[in-house]
Structures are given as structure tokens and as C-alpha cells.
Amino acid sequence: MPRTDRDERRARILAVVDCIPKGRVASYGQVAREAGLPRHARLVGRVLKDLPAKNPVPWHRVVNSAGKISLRPGSARQRQRLAREGVLFSRSGRIDLARYRWTPLDDDSEPSR
DNA sequence: ATCTTGACTTCGG
DNA sequence: TCCGAAGCCAAGA
């Protein structure tokens with residue numbers, strides 16, 4: 001069990017990220033809200049940044065509110081992982097959130113529209 | 001306690 | 001659509 005408040009929040013954030021289905025994405029802010037931590041989008045980013053390589057959580061399914069990859073170095077890797085799951089990128093490198101955004105309860109289902 | 005950082009977000013122009 | 005500014009907030013130093 002998490003001992004500190006910090007570990008507690010970290011665990012909740014990762015739990016949410018772990019729920020994002022293959023082929024769908026969520027924004028940092030969305031993950032924060034669903035983890036019960038509104039206004040903590042940046043915390044989500046920090047947690048993912050410090051994520052051990054061994055951790056299997058689908059960190060690549062988290063993008064910013066503009067539908068773009070926030071990772072500076074390494075964006076190619078994240079993009080490739082998403083593409084491999086069927087997530088299409090626009091010419092400007094953006095993901096159509098209206099189409100790929102994950103909403104709890106949709107838990108699977110192919111992207112529509 | 002104070003100041004800086006940043007895998008963020010929203011709002012204007 | 002593309003910035004820049006402002007708002008936000010936990011961590012580090």
C-alpha cells in the first residue's frame with residue numbers, strides 16, 4: 001500500500017492510464033480528472049516521465065489536449081506505438097481526439113466517425 | 001519559506 | 001491554425 005500521499009496519487013494516475021484501451025487515447029488533464037485529481041495534468045506528465053521502463057502501463061496513449069505528442073525527444077517512439085495500434089495522425093501530426101478519445105465505459109469498440 | 005521547472009490547459013488575437 | 005501569455009500545481013534546489 002502507498003505510504004505517502006505522493007505514492008497514493010501516483011498509483012491512482014497509473015491505474016487510470018492502465019485502463020486506456022488499445023487504439024484509443026486520453027489527455028493528461030483527462031487522466032488527472034478521472035484519477036480524482038482535477039487541475040493536475042502536469043502531475044500526470046511527471047509521473048509518466050519517471051516511469052520505469054519495466055512498467056507495462058500504456059503511457060503512449062496519453063497525449064496533450066491538442067491531440068499532439070508532448071514528449072520532445074522520443075515523440076517518434078510514442079507515435080510509432082500509437083500508429084501500430086491503428087491511431088491515425090493528421091498531416092500536422094495531430095490525433096483527432098473526437099475520434100480516438102477514450103471515454104470510460106466505451107472500454108472497447110472501434111473508433112467511429 | 002522562496003524561486004524555478006515543466007510528458008499541461010485554456011484563452012485571446 | 002498557430003503562437004504567446006496566463007493560470008495551475010507538485011517537485012526540486
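By convention in this document, chain letters (A, B, ...) are assigned in the order of the sequence lines, proteins followed by strands, and residues within each chain are numbered from 1.
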Please collect all side chain to side chain donor-acceptor pair (under 3.5 Å) contacts where either partner lies in residues 11-23 of chain A, sequence neighbours excluded, each pair once.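 Found none.
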Between A/Arg101 (side chain only) and A/Ala26 (backbone N and O only), is there a donor and an acceptor less than 3.5 Å apart?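 No.
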Where the side chain of A/Arg24 meets the backbone of A/Arg99, is there a donor-acceptor pair that is under 3.5 Å apart?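 Checking the backbone N and O of A/Arg99 against the side chain of A/Arg24, a donor-acceptor pair under 3.5 Å is found.
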Selection: residues 70-88 of chain A, any non-hydrogen atom under 4.0 Å of DNA chain B: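 The answer is A/Ser70, A/Leu71.
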Contacting residues from residues 53-61 of chain A, given that a heavy atom lies under 4.0 angstrom of DNA chain B: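 Within residues 53-61 of chain A, the residues near DNA chain B are A/Trp59.
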Run the side-chain donor-acceptor check on residues 63-73 of chain A: report pairs under 3.5 Å with partners two or more places apart or on a different chain.
unit_1	atom_1	unit_2	atom_2	d
A/Asn64	OD1	A/Ala66	N	2.9
A/Asn64	OD1	A/Gly67	N	3.2
A/Asn64	OD1	A/Lys68	N	2.9
A/Asn64	ND2	A/Lys68	O	3.2
A/Asn64	ND2	A/Ser70	OG	3.1

Produce a footprint string for nucleotides 1-13 of chain C: one letter per nucleotide, 5' end first; B if the base is under 4.0 Å from any protein heavy atom, S if only the sugar-phosphate is, - if neither. S-----BBSBSS-
Check: residues 34-59 of chain A side-chain donor-acceptor pairs under 3.5 Å, at least two apart:
unit_1	atom_1	unit_2	atom_2	d
A/Glu34	OE2	A/Gln30	NE2	3.4
A/Asn55	OD1	A/Val57	N	3.0

Does atom CZ of A/Arg9 have more than 12 heavy-atom neighbours, drawn from other residues, nucleotides or ligands, at distances under 6.0 Å?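 Yes.
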Could you tell me from which nucleotide to which nucleotide of DNA chain B, 5' to 3', there is an atom under 4.0 Å from chain A heavy atoms?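 Using the under 4.0 Å cut-off, the span is B/dG6 to B/dT10.
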Show the atom names and distances, to 0.1 Å, of all donor-acceptor pairs under 3.5 Å that link a side chain in residues 74-92 of chain A to residues at least two apart or in another chain.
unit_1	atom_1	unit_2	atom_2	d
A/Gln78	NE2	A/His60	O	2.9
A/Gln78	NE2	A/Val62	O	3.0
A/Glu85	OE1	A/Gly23	N	3.0
A/Glu85	OE1	A/Arg61	NH1	3.2
A/Glu85	OE2	A/His60	NE2	2.8
A/Glu85	OE2	A/Arg61	NH1	2.5
A/Ser90	OG	A/Ser92	N	3.3
A/Ser90	OG	A/Ser92	OG	3.0
A/Ser90	OG	A/Arg94	N	3.0
A/Ser90	OG	A/Arg94	O	3.3

To the nearest 0.5 Å, what is the distance between CD (A/Glu8) and CD1 (A/Ile13)?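 One gets 10.5 Å once the value is rounded to the nearest 0.5 Å.
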